[in-house]
Protein chains: 2
Amino acid sequence: MSAQRFSKKREAIYRVVCSTTSHPSAKWVYDQIRQEYPDISLATVYRNLALFKESGQLVSVAVVDGEERFDTTVSPHGHFVCTLCGEVLDLDVLRLDSFEREVERQIGAEVESHSVIFYGRCADCRCMEASD
Amino acid sequence: MSAQRFSKKREAIYRVVCSTTSHPSAKWVYDQIRQEYPDISLATVYRNLALFKESGQLVSVAVVDGEERFDTTVSPHGHFVCTLCGEVLDLDVLRLDSFEREVERQIGAEVESHSVIFYGRCADCRCMEASD
DNA sequence: GATTTTTTTGAAAAAGTTTTCAAAAACCCC
DNA sequence: GGGGTTTTTGAAAACTTTTTCAAAAAAATC
């Protein structure tokens, strides 16, 4: 139905990235895949993640500590990024659809999507700080 | 007043990045600076941009086509990124401060900042498409 | 203003990501 | 299922960014 998904390795990459809610990085996916395909190239992982992103099966959420992080929940929602441990969390709701129309009027553009990210200290990291 | 700003080159980098509203990339700043200091290293530009970011004189707005883009308007506002030409535009208002408190309740985190980016086709790129 | 300490720099290495290109795998048609 | 076409892959190069480290520049001390 959803167009192409040919090779075994491509299917495995998609399976792995869907297997977690931790918003994994390419390196994390690579390390998981290597248990199944020890000869896979890191370039193949990057290439397929980019492909999934282009086809809408995947979304790039944020770059945390230099690493791009992905999300297979493609319905629009916001994210929280912990600036201490790098954890990425999903947020309920937070759709700025009405703002999209406002932005279109403001600058004459055609808005297709938007991204909302909150930064701070996650609950776990706050606990650790408190016990110092 | 605002702490350190020692070397000539550092001052020049800050002057250049402040001289435009185009949300420049490190490479763009480097190319400008080289007209004044032909022997400057690209690493010095990256290093100082990172320093300005840390000290709050500068903000990292988005990564467009693999390049980080900067803004010296540090008061909170949203941005629009054209997915065709890569232009980055400032948006009026759009502060989600009340949402910050909601997010804190939702996940128990301490939110310090947030980022809002709209993606689509800018006015210029829409015109060009229409004339195809 | 010379000496010592601290900061900043250039060059090169390293890290994350993308691209190139020839070989391998998957697909298509008969 | 064999032969030709298209897609996908691994390896290596290239690109953006960060880090390392010794040398140069700036600041502080005398």
Side-chain angles (χ1 to χ4, degrees), chain A residues 1-17 22-55 57-71 81 83 86 88, chain B residues 1-17 22-55 57-71 81 83 86 88:
Chain A
M1 187 157 288
S2 65
Q4 38 57 292
R5 188 141 82 252
F6 301 104
S7 74
K8 302 258 184 192
K9 287 177 180 174
R10 178 169 298 166
E11 281 182 35
I13 291 169
Y14 190 63
R15 196 184 335 116
V16 165
V17 75
S22 67
H23 308 86
S25 67
K27 185 65 169 45
W28 186 90
V29 174
Y30 174 62
D31 287 338
Q32 301 295 116
I33 290 281
R34 254 198 309 188
Q35 296 170 19
E36 191 175 351
Y37 294 97
D39 62 326
I40 201 169
S41 163
L42 185 51
T44 297
V45 174
Y46 277 108
R47 204 161 13 211
N48 281 288
L49 290 176
L51 228 56
F52 293 144
K53 178 157 74 170
E54 200 175 347
S55 78
Q57 298 169 77
L58 199 67
V59 138
S60 169
V61 162
V63 175
V64 180
D65 296 327
E67 292 188 325
E68 190 168 10
R69 304 282 290 268
F70 299 94
D71 193 346
V81 174
T83 51
V88 177
Chain B
M1 188 154 288
S2 66
Q4 39 57 293
R5 189 141 80 254
F6 301 103
S7 75
K8 303 256 183 193
K9 287 176 180 174
R10 178 170 299 166
E11 282 182 33
I13 291 170
Y14 189 65
R15 197 184 335 116
V16 164
V17 75
S22 67
H23 308 85
S25 67
K27 186 64 171 44
W28 186 91
V29 174
Y30 174 63
D31 287 338
Q32 300 297 116
I33 291 280
R34 255 199 306 189
Q35 296 170 19
E36 193 175 349
Y37 294 98
D39 61 325
I40 201 169
S41 163
L42 185 53
T44 298
V45 174
Y46 277 108
R47 202 161 14 209
N48 282 288
L49 291 175
L51 229 54
F52 294 144
K53 179 157 73 169
E54 200 175 346
S55 77
Q57 297 169 79
L58 199 68
V59 138
S60 169
V61 162
V63 175
V64 181
D65 296 329
E67 293 188 326
E68 191 169 10
R69 303 284 288 268
F70 299 94
D71 193 346
V81 173
T83 51
V88 177

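Letters go in sequence order (proteins before strands), and every chain restarts at 1. What you are looking at is a predicted structure, and each value in this text was computed from that prediction instead of being measured.
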Worked verdict on Y46(B) versus T44(B) for side-chain contact (heavy atoms from CB on, under 4.5 Å): CA-CA 5 Å; Y46(B) 277 108; T44(B) 298; over 6 Å; no
Selected nucleotide, minimal atom distance to K8(A) side chain, candidates dT17(D), dA26(C), dA11(C): dA26(C)
Test item: R34(A) side-chain N/O and L42(A) main-chain N/O as donor-acceptor pair under 3.5 Å: no
Closest nucleotide among dT9(C), dG10(D), dT9(D) to the R10(A) side chain: dT9(D)
Step-by-step side-chain contact (heavy atoms from CB on, under 4.5 Å) determination, N48(A) to V17(A): CA-CA 11 Å; N48(A) 281 288; V17(A) 75; over 6 Å; no
Distance in angstrom units between F70(A) CZ and dT17(C) C1', rounded: 9 Å
Atom-to-atom span, CG of L42(B) to P of dT16(D) - whole angstrom: 9 Å
Heavy-atom donor-acceptor pair, R69(B) side-chain to dT17(D) base, under 3.5 Å: no
E67(A) side chain, from C-beta outward: closest of dG16(C), dT8(C), dG10(D): dG16(C)
Protein-nucleotide distance (D31(B), atom CG; dT16(D), atom P), rounded to Å: 11 Å
Protein-nucleotide distance (L51(B), atom CG; dT8(C), atom P), rounded to Å: 7 Å
Closest to side chain of F6(A), choosing from dT9(C), dC27(C), dA11(C): dC27(C)
Neighbour count >12 (heavy atoms, 6.0 Å) for atom CG, D39(A): yes
Any side-chain heavy-atom pair of E67(A) and W28(A) under 4.5 Å: no
Selection from dA26(D), dG16(C), dA26(C) that lies nearest to any side-chain heavy atom of Y46(A): dG16(C)
Sugar-phosphate only, base, or nothing, as touched by K27(A) at under 4.0 Å among non-hydrogen atoms: nothing
Per S7(A) side chain, nearest of listed nucleotides dG10(C), dT8(D), dA27(D): dT8(D)
Proximity to the side chain of T44(A) - top-ranked nucleotide from dG10(D), dT8(C), dT17(D): dG10(D)
Value in whole Å for how far the P atom of dA25(C) lies from CZ of R47(A): 15 Å
Integer-rounded Å distance: dA25(D) P and Y37(B) OH: 13 Å
Selection from dT17(C), dT9(D), dT8(C) that lies nearest to any side-chain heavy atom of A26(A): dT17(C)
Whole angstrom value for the distance that separates P of dT7(C) from CD of E11(B): 17 Å
Nearest-angstrom distance from the residue atom OH of Y30(A) to P of dT17(C): 13 Å
